[in-house]
Amino acid sequence: YHKWFIPHHGGTGVGLAGHLHLCCAVPNCPYIEYFYDPPGLTVEAFQILLEEPLRIDAEGYLAPPQKPGLGVSLNEAVIAKYSG
């Protein structure tokens, strides 16, 4: 019915990468909700599991990663630190 699809993403940077790819695959997704509320919820805190956090560019766009799979690499040191 030509309704907009605007995901509310509340997971990690890995989930954000997945949502970005989903949004690029459907024709009716003009926006994605992106968590950013400093000082507590920064890009680094929200996307701690990623080697390179996904960032909004100067024009306000968030491009999907271009590497294979979801396009992100996990920060193994952080995973090891918190997995006990």
Side-chain angles (χ1 to χ4, degrees):
Y1 299 105
H2 307 288
K3 300 287 184 186
W4 279 6
F5 168 69
I6 303 171
H8 166 87
H9 177 69
T12 66
V14 177
L16 177 60
H19 269 107
L20 282 172
H21 286 286
L22 172 64
C23 291
C24 290
V26 297
N28 55 337
C29 183
Y31 308 103
I32 185 170
E33 186 172 6
Y34 179 88
F35 284 172
Y36 182 69
D37 190 18
L41 190 55
T42 62
V43 171
E44 292 75 21
F46 174 58
Q47 299 184 47
I48 191 170
L49 296 178
L50 301 184
E51 291 254 342
E52 298 174 30
L54 305 172
R55 297 188 185 275
I56 297 173
D57 67 19
E59 295 180 14
Y61 292 100
L62 184 59
Q66 300 298 308
K67 296 176 186 173
L70 289 178
V72 295
S73 298
L74 298 178
N75 186 330
E76 300 292 339
V78 169
I79 293 170
K81 177 180 177 180
Y82 291 106
S83 50

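As the structure is a prediction and not an experimental result, all values here were calculated from the model.
Residue pairs meeting the side-chain hydrogen bond (donor to acceptor under 3.5 Å, both in side chains) criterion with at least one member in residues 69-80: none, sequence neighbours excluded. Note on residues 61-71: no pairs pass side-chain hydrogen bond (donor to acceptor under 3.5 Å, both in side chains), not counting sequence neighbours.
Both F35 and I32 belong to a common hydrophobic cluster when Ile, Leu, Val, Met, Phe, Trp and Tyr are linked at side-chain heavy-atom distances under 4.5 angstrom.
V72 and A17 make their closest contact through CG1-CB, 3.8 Å (heavy atoms, listed as atom of the first residue, atom of the second, distance).
The backbone N or O of H2 lies less than 3.5 Å from no partner atom in the side chain of N28, so there is not a single donor-acceptor pair.
With sequence neighbours excluded, the residues that form a side chain to side chain donor-acceptor pair (under 3.5 Å) with E33 are H8. When the side chain to side chain donor-acceptor pair (under 3.5 Å) test is applied to E51, no partner is found at least two apart in sequence or on another chain. Checked against side chain to side chain contact (heavy atoms under 4.5 Å, CB included), C29 has the following partners two or more places apart in sequence or in another chain: F5, P7, C23, V26.
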Residue pair L70, H21: steps toward the side chain to side chain contact (heavy atoms under 4.5 Å, CB included) verdict = CA-CA 8 Å; L70 289 178; H21 286 286; 4.2 Å; yes
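Side-chain heavy-atom separations under 4.5 angstrom define the hydrophobic clusters, and the remaining members of the one that includes W4 are I6, Y31.
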Show which side-chain atoms of residues 42-49 pair as donor or acceptor with protein atoms under 3.5 Å away, not counting sequence neighbours.
unit_1	atom_1	unit_2	atom_2	d
T42	OG1	A45	N	3.1
E44	OE2	R55	NH1	3.3
E44	OE2	R55	NH2	2.7
Q47	OE1	L54	N	2.6
Q47	NE2	Y34	OH	3.4
Q47	NE2	L54	O	3.0

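Atom CG of residue L50 and atom CG of residue L16 lie 8.0 Å apart, to the nearest 0.5 angstrom.
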